[in-house]
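This report concerns only the one structure given below.
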Amino acid sequence: WVTPRFSPFPELPPLKFCGHQAELHGGVHAAIATLGAWCYRLRTGAGQAIDISEQECIAPMLSLSFLPYEELHITRLGGRVTVVPWGIYECSDGEVLFTCGNDGQWQRLVDLMGSPDWGREEIFKDRESRYQNQEALNALLNEWTKSQRVDELWRESQRQRIPAAPVNTMADMYADEQLKARGFFVAMPGLECDGAPVLVPGIPIKSSGIDWRFGNRAPRLGEHNPQILSAPSRGFHRPVTKPPDPEGQLAGPLAGLRVL
């Protein structure tokens with residue numbers, strides 16, 4: 001319970017992340033990039049230059065470090081949040097997420113609701129007041145969202161520069177316009193006898209140098225037992241096709257990698 005949001009001990013001071021986070025995250029990102037470049041070399045025989053910035057790797061973790069510049073103090077919150085409203089609210093046909101991180105976003109949300117009297121109450125006047133009275137605010141906001149439709153609400157909220165998003169079902173995800181445009185769902189051979197393909201989530205990474213696809217369907221239970229059990233004692237494996245090496249031997253995946 002050392003993370004600020006979920007610690008049940010708000011009176012205690014905050015703790016920093018353990019270990020050497022820059023080196024840890026830099027190493028993970030470098031390993032992923034190296035594996036990607038290695039796979040590309042196996043296919044093409046060409047290498048790639050890899051540049052990793054440890055500072056950029058940990059940048060997403062530094063948001064709390066900027067709070068003092070806003071004259072805010074980092075504390076353990078006892079399971080509560082300082083960003084209010086921040087949560088999932090019921091709608092007539094689903095749920096929607098709101099995250100109003102500053103007074104401007106909150107005031108625009110109040111305007112979107114038609115400027116109800118409670119939205120201008122003193123107890124909700126600023127971020128600290130909304131934090132202290134978040135139970136009352138969430139109840140009032142949820143009462144209003146119950147009369148709204150999800151798609152209309154989150155789209156209009158974003159047009160008004162209010163951070164909002166729908167809480168999607170799997171059917172919603174398959175119908176999402178952005179995911180369709182990016183070709184996120186890809187066909188994979190199905191398990192049925194006719195092998196009819198099914199759409200499954202792909203990977204979010206797009207690269208001009210690396211292409212991928214599902215080559216085989218998922219195996220049925222015990223389908224490959226004969227091959228595995230009849231393989232030599234050293235284990236069943238598929239040979240890896242390697243590109244020609246000018247020096248007669250294939251260098252390891254970290255060959256040529258410099259750590260600065």
Side-chain angles (χ1 to χ4, degrees), residues 1-6 14-67 74 97 99 101 163 165-168 170 172-174 176-190 197-219 224 228 234-260:
W1 298 102
V2 297
T3 55
R5 180 177 178 185
F6 297 107
L15 298 177
K16 73 171 196 173
F17 289 105
C18 66
H20 302 280
Q21 292 296 319
E23 288 81 358
L24 291 173
H25 286 266
V28 170
H29 284 74
I32 294 172
T34 301
L35 287 173
W38 174 242
C39 290
Y40 183 71
R41 185 187 174 194
L42 288 176
R43 293 188 54 193
T44 67
Q48 297 183 18
I50 298 174
D51 179 70
I52 302 292
S53 166
E54 289 186 348
Q55 186 66 29
E56 291 179 9
C57 292
I58 64 169
M61 305 169 56
L62 300 179
S63 57
L64 292 178
S65 302
F66 293 100
L67 291 182
I74 305 171
L97 170 71
T99 306
V167 178
N168 292 312
M170 285 306 300
D172 295 330
M173 296 296 292
Y174 275 94
D176 185 85
E177 298 173 359
Q178 171 72 4
L179 296 179
K180 282 184 176 180
R182 285 185 55 81
F184 176 66
F185 293 102
V186 296
M188 182 182 74
V198 294
L199 288 179
V200 298
I203 59 175
I205 301 171
K206 301 294 182 183
S207 171
S208 60
I210 301 177
D211 187 22
W212 74 278
R213 68 184 185 278
F214 284 113
N216 300 291
R217 59 169 173 76
H224 296 137
I228 295 174
R234 64 178 179 274
F236 176 76
H237 67 279
R238 182 174 58 186
V240 178
T241 303
K242 301 178 180 179
D245 186 86
E247 298 181 0
Q249 61 181 3
L250 192 64
L254 299 182
L257 179 67
R258 293 191 302 162
V259 180
L260 304 179

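Only this structure's heavy atoms are used, side chains among them; waters, hydrogens and symmetry mates stay out.
- For G202 against V186, the heavy-atom pair with the smallest separation is CA-CG2, 4.1 Å.
- With contacts defined as side-chain heavy-atom distances shorter than 4.5 Å, the pair F185/V200 does not qualify.
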Evaluation steps, side chain to side chain contact (heavy atoms under 4.5 Å, CB included), between H25 and E54: CA-CA 7 Å; H25 286 266; E54 289 186 348; over 6 Å; no
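- Once rounded to the nearest 0.5 Å, the distance linking CD of E56 with CG of D51 reads 8.0 Å.
- One finds the CG atom of L97 at 11.0 Å from the CG atom of N168 (value rounded to the nearest 0.5 Å).
- Rounded to the nearest 0.5 angstrom, I50 CD1 and H29 NE2 are separated by 13.0 Å.
- In this structure, C57 SG and Q21 CD are separated by 11.5 Å, a value rounded to the nearest 0.5 Å.
- Of the possible polar contacts, one joining the Y174 side chain to the L199 backbone as a donor-acceptor pair under 3.5 Å is found.
- Between M173 and F184 the shortest side-chain heavy-atom distance does not fall below 4.5 Å.
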